[in-house]
Amino acid sequence: MSEHKAIISWKRSSPDFLIGKYSREHTWSFDGGLTVPASPSPSVVPVPYSNPTHVDPEEAFVASVSSCHMLTYLYLAGRQGFQIDSYHDEAVGVMTKNEKGVPWVSLITLHPQIVYSGDKLPGPADEERLHHLAHEQCFIANSIKTEVIVSATK
């Protein structure tokens, strides 16, 4: 159906690579021209070998799930006649260890706060149904084994 590309670039900047003392800072470049500074999380690789101001893969994963859910929700709500003025989510990903002891993002909880306007406003059952449908139809959610929970708040 389609391809989605990213260019990931890293270059050694110190002579201490073989002893593990090197920066893991790198960049992600996308086809629209945006380049994002990236780094492992300081919870995985300590500073100065990581940079806490850069995007790390785990938070990018959480953002990707949240963004996909939101975009699908906006589409579905609009098709149902619900006008959305704003959507804000403070998504949280939790890393645990799997049965082999390997860390993974096992849970993502979405906390969408949605503001509606217009003559037709959704009730709690409508929102629950829309979140369920958004999760079922989100491309990213269909690509992962991580559990995703929607904890809608007002």
Side-chain angles (χ1 to χ4, degrees), residues 1-78 84-116 124 127-154:
M1 287 177 43
S2 63
E3 287 186 342
H4 304 274
K5 298 179 182 179
I7 299 170
I8 312 305
S9 298
W10 172 87
K11 186 170 184 170
R12 182 173 55 85
S13 60
S14 84
D16 298 329
F17 178 81
L18 294 177
I19 59 171
K21 295 187 176 199
Y22 60 92
S23 172
R24 274 72 162 181
E25 292 181 48
H26 55 286
T27 59
W28 300 342
S29 298
F30 302 96
D31 60 1
L34 179 67
T35 296
V36 176
S39 171
S41 168
S43 67
V44 176
V45 176
V47 174
Y49 309 114
S50 65
N51 187 331
T53 66
H54 292 7
V55 177
D56 66 64
E58 295 81 12
E59 63 192 358
F61 177 62
V62 171
S64 179
V65 170
S66 174
S67 180
C68 185
H69 183 89
M70 177 198 70
L71 292 168
T72 308
Y73 189 95
L74 294 176
Y75 170 78
L76 293 169
I84 296 178
D85 292 338
S86 66
Y87 185 111
H88 177 84
D89 185 10
E90 295 184 18
V92 177
V94 176
M95 286 189 64
T96 59
K97 291 186 177 182
N98 68 13
E99 62 282 350
K100 295 179 182 176
V102 178
W104 71 300
V105 180
S106 59
L107 173 66
I108 296 174
T109 303
L110 308 179
H111 298 95
Q113 296 174 308
I114 305 167
V115 176
Y116 303 88
E127 285 189 306
E128 185 176 328
R129 180 178 45 76
L130 286 167
H131 281 300
H132 178 76
L133 290 171
H135 181 69
E136 284 186 339
Q137 295 179 31
C138 168
F139 306 146
I140 303 299
N142 279 294
S143 303
I144 63 173
K145 65 180 181 178
T146 300
E147 180 182 6
V148 179
I149 295 174
V150 178
S151 177
T153 58
K154 294 284 179 186

Criterion side chain to side chain donor-acceptor pair (under 3.5 Å) on Thr35 and Ser29, from CA distance to verdict: CA-CA 4 Å; Thr35 296; Ser29 298; 3.0 Å; yes
State, with a plain yes or no, whether a side-chain heavy atom of [X] is found less than 4.5 Å away from one of [Y].
{"X": "Val115", "Y": "Tyr87", "result": "no"}
{"X": "Asn98", "Y": "Ser106", "result": "no"}
{"X": "Pro40", "Y": "Arg24", "result": "yes"}
{"X": "Lys97", "Y": "Val102", "result": "no"}
{"X": "Tyr116", "Y": "Glu127", "result": "yes"}
{"X": "Ile114", "Y": "Ile84", "result": "yes"}

Distance check, rounded to the nearest 0.5 Å: [X] atom [atom1] versus [Y] atom [atom2]?
{"X": "Ile140", "Y": "Thr146", "atom1": "CD1", "atom2": "OG1", "result": "11.5 Å"}
{"X": "His26", "Y": "Ser9", "atom1": "NE2", "atom2": "OG", "result": "9.5 Å"}
{"X": "Leu110", "Y": "Cys138", "atom1": "CG", "atom2": "SG", "result": "9.0 Å"}
{"X": "Ser43", "Y": "Glu58", "atom1": "OG", "atom2": "CD", "result": "6.5 Å"}
{"X": "Glu128", "Y": "Leu133", "atom1": "CD", "atom2": "CG", "result": "11.0 Å"}
{"X": "Arg12", "Y": "Phe17", "atom1": "CZ", "atom2": "CZ", "result": "8.0 Å"}

If you take all heavy atoms of [X] and [Y], which pair is closest and at what distance?
{"X": "Tyr73", "Y": "Leu130", "value": "CE1-CB, 3.3 Å"}
{"X": "Val105", "Y": "Gly93", "value": "CG1-CA, 4.4 Å"}
{"X": "Trp104", "Y": "Lys145", "value": "CZ3-CG, 3.8 Å"}
{"X": "Gln137", "Y": "Leu76", "value": "OE1-CD2, 3.7 Å"}
{"X": "Pro57", "Y": "Ser39", "value": "CD-O, 3.5 Å"}
{"X": "His54", "Y": "Glu25", "value": "NE2-OE1, 3.0 Å"}

Taking atom [atom1] of [X] as the centre, does the number of heavy atoms from other residues, nucleotides or ligands within less than 6.0 Å exceed 12?
{"X": "Phe30", "atom1": "CZ", "answer": "yes"}
{"X": "Asp31", "atom1": "CG", "answer": "no"}
{"X": "Ile7", "atom1": "CD1", "answer": "no"}

[X] (side chain) donor-acceptor with [Y] (main chain) under 3.5 angstrom:
{"X": "Thr109", "Y": "Val92", "result": "no"}
{"X": "Asp16", "Y": "Ile19", "result": "no"}
{"X": "Trp10", "Y": "Ser23", "result": "yes"}
{"X": "Asn142", "Y": "Glu136", "result": "yes"}

- request: Before giving the answer on side-chain contact (heavy atoms from CB on, under 4.5 Å), spell out for Trp28 and Val55 the whole-Å C-alpha distance, their side-chain angles and the decisive distance to 0.1 Å.
  value: CA-CA 9 Å; Trp28 300 342; Val55 177; 3.6 Å; yes
task: Using the side-chain contact (heavy atoms from CB on, under 4.5 Å) rule, take Thr72 and Phe139 through it: C-alpha gap first, then chi angles, then the decisive distance, then the call.
output: CA-CA 9 Å; Thr72 308; Phe139 306 146; over 6 Å; no
For residues 62-70, tabulate all N or O donor-acceptor pairs below 3.5 Å that involve a side-chain atom, not counting sequence neighbours.
from, atom 1, to, atom 2, distance (Å)
Ser66, OG, Asp89, OD2, 2.7
His69, NE2, His131, ND1, 2.9

- prompt: Distance only, no hydrogens: is a donor on one side chain within 3.5 Å (strictly under) of an acceptor on the other, for His88 and Glu90?
  reply: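 On atom types as modelled, these side chains qualify, holding a pair under 3.5 Å.
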